Visitor: 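Okay, handing you the structure first.
Order of appearance sets the numbers: ligands from 1, and atoms from 1 within every ligand. For clarity, every value in this text was computed on a predicted model and none was experimentally measured.
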Amino acid sequence: MAAVLGIETSCDESAAAVYDTQRGLLAHALYSQVDEHANYGGVVPELAARDHVRKVPGLIRQVLQEAGLRPAELGAVAYTAGPGLVGALLVGASTGRALAYAAGVPALPIHHMEGHLLAPLLEPDAPEPPFVALLVSGGHTQLVAVRGLGRYELLGQSLDDAAGEAFDKTAKLLGLGYPGGPALAALAESGSPDALRLSRPMTNRPGLDFSFSGLKTQVLTTWEQSDQSEQFKADLAHAFQEAVADTLRIKCGRALDQTGFDRLVVAGGVGANRRLRSVLDKMTQQRGARAYYPGFAFCTDNAAMIALVGALRLAEAERDNLAVDVHARWDLTGLAPMAA
Ligand code: KG4
Ligand code: ZN
């Protein structure tokens, strides 16, 4: 039995959690910096790093206390080592390494997207590999064939904006504030389904890559040429959400065809979108497959998923290594396969 402390600081969420290999998730805590960055319409990297410095120690103390553990009783300390904002990552990485060293326990640098990818394993009804994973966050839109834990093959990805980025930018140009995804999704509810239709980019040719930047431009031109009424704004939000959900549905269906897998895992912030979930549930059910999601709290950035991957990768934990390596970009497919 081993408990792993997870630390997440890749972007604008400071988080800590404890995951036990036998007992599962023991504690998790999160501080969102969203209000601070909202004034600037997006994440300000330097402010994010400074805020992590202020919040991370308290969050770690809180989860250790809730789990009833002292640092020396941990099996390892896992921290997000990338991809993400370098200054923000460095806070979690140096805190994690220092704490591990001081407590005399090993440390584990974790890939943030592997965290998102395996977050559905935090749920009681967890999917077993092989499965297709759709990673849809603010920085990534990827389709990954998961052949086993740590065995990832990239099937397709966005050639420009990530799906979450498209939600955020579209929300911004409609004046919905930051972060835009949830605000745009809420507005879409009052839009009329038949008012207008936007294109489904890159679906009329084969392949599993995505492009979302054109959709945002389409929204802008349509908005500028409209009467700019509140109802039209809602109609446009609805049409945008439908276009994104439908595009993702088409590509996920193709990825299931191509791999022959019958499980689809949806992870990352946009995976919290209820319309996307209902579209993907319907598509998978119709073909006798099934879609799996993390709980809503574990779709967006959190440390539970980092502690979980740390627990799965415990065998690789490094002792007495004080190197603080972080990666702004990091290829998911180059990770070591986990022992079966
Ligand atoms: O995974 P995440 O928390 O952070 C990254 O690693 O990027 O994802 C954040 C993204 C943001 O772009 C946010 O607008 C989007 O996920 N998002 C949503 C929803 N909730 C969060 N997009 C659409 N609908 C939502 N309900
Ligand atoms: Zn993330």
Visitor: Mark up the atoms of ligand 1 that fall under 4.0 Å of a heavy atom belonging to Gly164, in ascending order.
Guide: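 This gives 12 (O) as the contact atoms.
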Visitor: Would you say Val144 and Val132 make side-chain contact, with heavy atoms under 4.5 Å?
Guide: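 Counting from C-beta outward, Val144 and Val132 never come under 4.5 Å.
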Visitor: Measuring from the heavy atoms of Cys11, does anything fall under 4.0 Å of ligand 1?
Guide: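 No, Cys11 has no heavy atom closer than 4.0 Å to ligand 1.
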Visitor: Quick one: which ligand 1 atoms are inside 4.0 Å of a heavy atom on Gly139?
Guide: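 Atoms satisfying the 4.0 Å criterion: 7 (O).
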Visitor: Short list, please: which atoms of ligand 1 are under 4.0 Å from a heavy atom of Gly138?
Guide: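 Those atoms are 5 (C), 7 (O), 8 (O), 9 (C), 10 (C), 12 (O).
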Visitor: Between the side chains of Tyr293 and Glu123, is a donor N or O closer than 3.5 angstrom to an acceptor N or O?
Guide: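 Side-chain D/A pair, Tyr293 to Glu123: absent.
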Visitor: Cut-off 3.5 Å, side chains only: do Asp281 and Gln285 have a donor facing an acceptor?
Guide: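 Their side chains do not contain a donor-acceptor pair, so the 3.5 Å distance test is not met.
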Visitor: Go around the Zn ion (ligand 2) and count every protein N, O or S atom nearer than 2.8 Å.
Guide: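 Every protein N, O or S atom under 2.8 Å from the Zn ion (ligand 2) counted, the figure is 3.
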Visitor: Using 30° and 60° as the class boundaries, would you call the ring planes of Phe210 and Phe212 parallel, tilted or perpendicular?
Guide: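 Taking Phe212 first and then Phe210, their aromatic rings lie parallel (interplane angle under 30°).
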Visitor: Between Asn273 and Gln241, is there a side-chain donor-acceptor contact under 3.5 Å, judged purely by atom types and distance?
Guide: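 Per modelled atom types, Gln241 and Asn273 side chains form a pair under 3.5 Å.
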Visitor: Do me a favour and list the nearest non-hydrogen protein atom to atom 21 (C) of ligand 1 with residue, atom name and distance?
Guide: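 Answer, as residue, atom name and distance: Gly269 O, 3.4 Å.
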Visitor: In terms of atom number and element, which parts of ligand 1 are under 4.0 angstrom from non-hydrogen atoms of Thr300?
Guide: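 Numbered from 1, ligand 1 contributes 3 (O).
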Visitor: Using a 4.0 Å heavy-atom cut-off, say whether His140 meets ligand 1 through its side chain, its backbone, both or neither.
Guide: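 Answer for His140: neither.
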Visitor: Got an N/O contact under 3.5 Å between Pro179 and ligand 1?
Guide: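 The answer is no, given that Pro179 and ligand 1 share no N or O pair closer than 3.5 Å.
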Visitor: Determine whether Glu8 and Asn302 satisfy the following criterion, side chain to side chain donor-acceptor pair (under 3.5 Å), listing intermediate values before the conclusion.
Guide: CA-CA 6 Å; Glu8 159 64 38; Asn302 66 86; over 6 Å; no
Visitor: Checking side-chain polar atoms at under 3.5 Å, does Asp235 have a donor or acceptor matched by the opposite partner on Ser192?
Guide: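 Per modelled atom types, Asp235 and Ser192 side chains form no pair under 3.5 Å.
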Visitor: Has Ser190 got a side-chain atom pairing as donor or acceptor with Leu187's backbone, closer than 3.5 angstrom?
Guide: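 Yes; at least one donor-acceptor contact below 3.5 Å.
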Visitor: Using heavy atoms and a 4.0 Å limit, tell me yes or no: is Arg274 in contact with ligand 1?
Guide: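 No, Arg274 has no heavy atom closer than 4.0 Å to ligand 1.
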Visitor: For ligand 1 and Glu13, I'd like to know whether there is a polar contact (N/O to N/O, distance under 3.5 Å).
Guide: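 N/O-N/O distance under 3.5 Å: no.
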Visitor: Which protein heavy atom lies closest to atom 2 (P) of ligand 1, and at what distance to 0.1 Å?
Guide: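 Answer, as residue, atom name and distance: Asp301 OD1, 3.5 Å.
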Visitor: Would you check if there is a donor-acceptor pair between the side chains of Ser199 and Gln218 at a distance under 3.5 Å?
Guide: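 Indeed, the side chains of Gln218 and Ser199 share at least one donor-acceptor pair under 3.5 Å.
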Visitor: So which of Val43, Val244, Asn273 gets nearest to atom 23 (C) of ligand 1, if we judge by its closest heavy atom?
Guide: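 Going through Val43, Val244, Asn273 one by one, Asn273 has the nearest heavy atom to atom 23 (C) of ligand 1.
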Visitor: Verify whether one side chain among Thr333 and Asp331 offers a donor that lies under 3.5 Å from an acceptor in the other.
Guide: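 Distance-only check passes for Thr333 and Asp331.
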Visitor: Centroid-to-centroid, Phe298 to His28, below 6.0 Å?
Guide: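 When the ring centroids of Phe298 and His28 are compared, they turn out to be within the sub-6.0 Å range.
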Visitor: Under 4.0 Å from any heavy atom of Asp168, which atoms of ligand 1 are there?
Guide: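 Result: 11 (C), 12 (O), 13 (C), 14 (O).
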Visitor: Only heavy atoms of His116, strictly under 4.0 Å: list the atoms of ligand 1 that pass.
Guide: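 Counting from 1, the qualifying ligand atoms are 1 (O), 6 (O).
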Visitor: Which protein heavy atom lies closest to atom 22 (N) of ligand 1, and at what distance to 0.1 Å?
Guide: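 Nearest protein contact, heavy atoms only, for atom 22 (N) of ligand 1 is Gly181 CA, 3.5 Å.
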Visitor: Consider ligand 1: state whether an atom of it lies below 4.0 angstrom from any non-hydrogen atom of Met113.
Guide: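 Distance cut 4.0 Å: Met113 fails for ligand 1.
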Visitor: Taking side chain to side chain contact (heavy atoms under 4.5 Å, CB included) as the criterion, tell me which of Asp325, Val77, Asn321 meets it with Arg97.
Guide: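 Answer after filtering Asp325, Val77, Asn321: Asn321.
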Visitor: Do Glu114 and Arg313 meet the salt-bridge criterion of a basic N to acidic O distance under 4.0 Å?
Guide: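 Glu114 and Arg313: salt-bridged.
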Visitor: Looking at Arg254 and Asp257, does any basic side-chain N land under 4.0 Å from a carboxylate oxygen?
Guide: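 Looking at Arg254 and Asp257, the cut-off is not met.
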